[in-house]
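Just so it is clear, the structure is predicted and the values come from calculations on it, not from any experiment. Residue indices begin at 1 and follow the sequence shown.
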Amino acid sequence: MARRDSARRDWDESDVRVRPNKSGSRPRTKDRPAHRDAVTGRIVTVDRGRYTAVLDEDTDRERLVVAVRAKELHRRPVVAGDLVGLVGDVSGAPDSLARLVRIEERATVLRRSADDTDPVERVVVANADQLVIVVAAANPEPRTGFIDRSLVAAYDAGIEPILCITKTDLRDPAELISHYTALELPVLVSGPARDAAAGDDGATLPLDRALVEALRARLDGHVSVLLGHSGVGKSTLVNALTGADRATGGVNAVTGRGRHTSSSALALRIEDASPGSWIIDTPGIRSFGLAHVDPDRIVESFDELAEAIADCPKGCRHTEASPGCALDGWVAQGRAGDAGSSRLASLRRLLGAGERPGESREDKELGIQ
């Protein structure tokens, strides 16, 4: 009996052996550091996993800092225009590297998809409040489909669009402008070129100083993104406004398309403008899908047609085959302006593009490539 009692003992937690964690002794937790010491910077460009941000902008401490993404951000995209939180070495000294730990809330997001059937949206830029759609009057040919898509994306993002037409010495842009007279769309048009800028292939590109100054006045105090096909003179305008040296190029004589000369989006400060005046130059975009935009939002982007849908039957798809669609009567009565028929046709092409598999010849002619 005594032996049995001696074998008994009171156990407590000190008698429990804990097997060490193979990944380390530090306990795992879902709590992430708040990084209250993070400083805020503006992303000016992204290049192969390195993010360049400007800190303390418009002060005597302004500097560029290169950073890498923190793991807790996972795959969330960081784009030009983003305001971000940075920790670590934020001195901007050569070979220094900060850590990007937070993306601040975005005021606006300009998005696109690869095409109208692609469910994956791509963020183009963040925190822009103006979108300058740059097209040429000729060489390359202006494509109203691309302009309409850009307008829809701008309205959907809450960004004010501006249409800028270059190369008017090659063709009168009056017909193109008339297509948008019913919209409250600011239009800037180049005059006779009195200057020239050298392209990287030795060619000279026309540069209208009056257009540059008109743009400077429009962009003053804003964060603006320039969007357009390659070869329309977008980078030439950016260079004139910022003093940068973005590569410029001509148009392929066989395809009629511009060569891609800008490979990444880049935010640049506008010279002789108010603090906070930035241009975000984007690569020449050849597709601007709207798969992420609700069809009703697309219709609402056509101001001269939007009111008509209040009289459409419930569930109306607003296509030619939609019975009782009020858009036809609205246009027939002249309530959409002189360009109403062509604008309705453009709207219906956009609404139907997501239902057509692949590309059609019509899509290509409208710049959906």
Separation between [atom1] of [X] and [atom2] of [Y], rounded to the nearest 0.5 Å:
X	Y	atom1	atom2	value
L227	C164	CG	SG	12.0 Å
R335	L305	CZ	CG	11.5 Å
R216	T242	CZ	OG1	9.0 Å
L290	E121	CG	CD	12.0 Å
S150	L163	OG	CG	9.5 Å
L215	I162	CG	CD1	7.5 Å

Under 3.5 Å, side chain of [X] to main-chain N/O of [Y], donor-acceptor pair present?
X	Y	result
R63	V90	yes
S113	A291	yes
T166	G233	no
D129	I159	no
D303	L183	no
Q130	R218	yes

Minimum-distance pair of heavy atoms, taken over all atoms of [X] and [Y]:
X	Y	result
L97	V68	CD2-CG1, 3.7 Å
A128	T108	O-OG1, 2.5 Å
Y155	S301	CE1-O, 3.3 Å
S91	D89	OG-OD1, 2.7 Å
V79	V124	CB-O, 4.0 Å
R106	A126	NE-CB, 3.8 Å

Contacts of type salt bridge (Lys or Arg N to Asp or Glu O under 4.0 Å), residue R50, not counting sequence neighbours: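 Not a single residue meets the salt bridge (Lys or Arg N to Asp or Glu O under 4.0 Å) criterion with R50.
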Salt bridge (Lys or Arg N to Asp or Glu O under 4.0 Å) against D328, all qualifying residues, sequence neighbours excluded: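 Counting only residues at least two positions away or on another chain, D328 forms a salt bridge (Lys or Arg N to Asp or Glu O under 4.0 Å) with R348.
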Do [X] and [Y] touch side chain to side chain, with heavy atoms closer than 4.5 Å?
X	Y	answer
I147	V135	yes
H229	K234	no
V132	I279	no
I43	T52	no
D220	I270	no
L226	I280	no

Cluster overlap [X] with [Y], hydrophobic side-chain contacts below 4.5 Å:
X	Y	value
V87	I103	no
L110	I133	yes
V66	V54	no
V123	W278	no
L237	L188	yes

Between [X] and [Y], a side-chain donor and acceptor under 3.5 Å:
X	Y	answer
S190	T168	yes
S178	T181	no
Y180	D148	yes

Pair [X] + [Y]: basic N to acidic O under 4.0 Å:
X	Y	value
R42	D82	no
R343	E304	yes
R269	E62	yes

Pair T40-L86, side-chain contact (heavy atoms from CB on, under 4.5 Å): steps then yes or no: CA-CA 6 Å; T40 302; L86 302 172; over 6 Å; no
Side chain to side chain donor-acceptor pair (under 3.5 Å) evaluation trace for H222 with S277: CA-CA 5 Å; H222 296 276; S277 303; over 6 Å; no
Verdict with supporting geometry, R69 and R75, side-chain contact (heavy atoms from CB on, under 4.5 Å): CA-CA 9 Å; R69 175 203 299 266; R75 298 177 63 86; 5.8 Å; no
From CA spacing to verdict: salt bridge (Lys or Arg N to Asp or Glu O under 4.0 Å), E104, R102: CA-CA 6 Å; E104 305 293 351; R102 184 170 61 243; 3.1 Å; yes
